[in-house]
> 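Handing you a structure now.
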Amino acid sequence: MSPIHHSRLVETVSFGPFITRGILTHPDKPARVWLSRHHRKGLANPERFKAEATLKLLLRCLWLPAHLNWWIGVIFAVGASCFGMASTLILFPSLTAEVAISETDINRIFFAGSIPFSIAAWLQLYQAANAAPLPASQDPEVRERRSRLIGWRPHEIGWVSCALQFIGTLLFNMNTFNAMSSNLTWVQIDLWVWTPNVIGSILFLASGYLAFIEAGHSLWSWPHASLSWWIVFINLLGCIGFMTSALFAPLFSETPNPLATTISVFCTLLGAICFFVGSLLMLPETAVQEVT
């Protein structure tokens, strides 16, 4: 019986216990670059992309329902759109009056937007939990394991990033749901609306930075020609926007500070725009494998 040869990662780039990049070798195949983000998302290696395929790429990315990564981008974009819409209505009272929408209705839009955020975040976590194991441990028993709804892969940077993001979205579900109540005191607002908001924003920021490290293969990288790098960088800016918004959001008294409130809502809008752009860029990222 001939021996079974498995692929192995060599010349790896690591951040702590996390491997983000390496060279994948196999006795019977040519060596190739292995990337953590593309591995967990089931994406084609970007080095295979050909410039002449750009037009085909743009056309293909509009409809790829067979790819989970495409759905994640679309659903994230829906949630970001809701947050952007609600923030815009707060920043422009004349527009709010023209469409005859109340503050409670605006809070409902925020809550509605938090639902797609959680769905997309869970799909991304599910994707990471069920990615193929690292090449050094591809034995048949591992490959045939059953699907995991959440999984437990704390040694993989992508899974940790997705897990933190998913928990953060659940906290956004909580804070936006509580914000729909119109009879809360300022103490209750700070406790039940602001507290989950700031904790969720911290988790989002940690998640975004881990994703940035995963795509850039270092604590800081700039600039980068990779589409994946731009996606995580723009999303990281969105996380910073949400974090800044949360820092200006607490009331601390019965009389809100108008300037702090405006800054908070404006940063939420900026964060939503970044998440929307980053989500849309996931569509051509998915389509790369369709044209290579």
Side-chain angles (χ1 to χ4, degrees), residues 72-121 165 168-205 208 234-283:
I72 292 171
V74 170
I75 297 172
F76 264 132
V78 172
S81 298
C82 291
F83 270 67
M85 181 190 308
S87 301
T88 301
L89 289 171
I90 295 176
L91 290 173
F92 297 95
S94 58
L95 177 61
T96 304
E98 184 175 340
V99 297
I101 191 169
S102 67
E103 181 180 346
T104 301
D105 291 331
I106 293 175
N107 288 332
R108 287 172 180 159
I109 296 174
F110 275 121
F111 176 68
S114 74
I115 302 301
F117 267 147
S118 292
I119 293 173
Q165 182 185 59
T169 63
L170 296 181
L171 289 167
F172 288 150
N173 293 158
M174 181 186 301
N175 100 285
T176 53
F177 178 81
N178 292 335
M180 290 190 294
S181 179
S182 59
N183 58 351
L184 297 179
T185 65
W186 71 268
V187 175
Q188 291 172 322
I189 291 175
D190 281 357
L191 182 61
W192 300 114
V193 178
W194 178 73
T195 300
N197 180 19
V198 71
I199 297 175
S201 296
I202 291 172
L203 293 176
F204 252 49
L205 187 58
I234 293 171
N235 282 335
L236 180 60
L237 294 180
C239 294
I240 294 173
F242 272 31
M243 186 74 254
T244 306
S245 171
L247 294 177
F248 282 92
L251 298 179
F252 296 135
S253 69
E254 294 183 0
T255 306
N257 184 321
L259 178 60
T261 300
T262 300
I263 293 175
S264 176
V265 176
F266 181 71
C267 288
T268 298
L269 175 60
L270 291 181
I273 292 173
C274 288
F275 287 133
F276 181 76
V277 174
S279 299
L280 292 185
L281 288 178
M282 289 179 65
L283 308 188

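Heavy atoms only: backbone and side chains are in, while hydrogens, waters and symmetry mates are out.
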> Under the side chain to side chain contact (heavy atoms under 4.5 Å, CB included) rule, what do Phe172 and Asn197 come out as? Steps first, then yes or no, please.
CA-CA 6 Å; Phe172 288 150; Asn197 180 19; 3.5 Å; yes
> Which pairs with one or both residues in residues 256-269 pass side chain to side chain donor-acceptor pair (under 3.5 Å), sequence neighbours excluded?
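Output for this query lists Ser245-Ser264, Ser245-Thr268.
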> Would you mind writing out the side-chain donor-acceptor pairs for residues 73-89 within the sub-3.5 Å range, not counting sequence neighbours?
unit_1	atom_1	unit_2	atom_2	d
Ser81	OG	Ala77	O	2.8
Ser87	OG	Phe83	O	2.8
Thr88	OG1	Gly84	O	2.8

> Among Ile189, Leu191, Asp190, which residue meets the side chain to side chain contact (heavy atoms under 4.5 Å, CB included) test with Val193?
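So, applying the side chain to side chain contact (heavy atoms under 4.5 Å, CB included) to Val193 and each of Ile189, Leu191, Asp190, only Ile189 qualifies.
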> Going through the checks in order, is the side chain to side chain contact (heavy atoms under 4.5 Å, CB included) test met by Phe248 and Val265?
CA-CA 9 Å; Phe248 282 92; Val265 176; over 6 Å; no
> Can you sort out the partners of Phe111 under side-chain contact (heavy atoms from CB on, under 4.5 Å), two or more places apart, ordered by chain and number?
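Phe111 satisfies side-chain contact (heavy atoms from CB on, under 4.5 Å) with Ser114, Ile115, Thr176, Phe177, Met180 only.
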> Would you give the length of the straight line joining atom CD of Gln188 to atom CG of Asn183, rounded to the nearest 0.5 angstrom?
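Answer for the CD-CG pair, Gln188 versus Asn183, is 7.5 Å.
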> Tell me, please, which residues at least two apart from Ile234 pass side-chain contact (heavy atoms from CB on, under 4.5 Å).
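For Ile234 the side-chain contact (heavy atoms from CB on, under 4.5 Å) partners, ignoring immediate neighbours, are Cys274, Val277, Leu281.
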> Return the set of residues passing side-chain contact (heavy atoms from CB on, under 4.5 Å) with Asn235 (not counting sequence neighbours), or none when no residue passes.
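Per chain and number, Asn235 pairs via side-chain contact (heavy atoms from CB on, under 4.5 Å) with Ile231, Phe275.
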> Please step through side-chain hydrogen bond (donor to acceptor under 3.5 Å, both in side chains) for the pair Ser102 and Asp105, ending with a clear verdict.
CA-CA 5 Å; Ser102 67; Asp105 291 331; 3.0 Å; yes
> So how far is it from Leu270 CG to Phe242 CZ, rounded to the nearest 0.5 Å?
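With rounding to 0.5 Å, CG (Leu270) is 10.5 Å from CZ (Phe242).
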> If I take atom CD from residue Glu103 and atom CD1 from residue Ile90, how far apart are they, to the nearest 0.5 angstrom?
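Reported value, rounded in 0.5 Å steps: 7.0 Å.
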> Test of understanding: with side-chain contact (heavy atoms from CB on, under 4.5 Å), list the residues that count as partners of Met243, not counting sequence neighbours.
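Val198, Ser201, Ile202, Leu205, Ala246, Leu247.
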> Between CD1 of Ile273 and CG of Leu237, what distance do you get to the nearest 0.5 Å?
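Here the rounded value is 12.0 Å.
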> Return yes when atom CH2 of Trp192 has more than 12 non-hydrogen atoms of other residues, nucleotides or ligands closer than 6.0 Å, and no otherwise.
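No, not enclosed.
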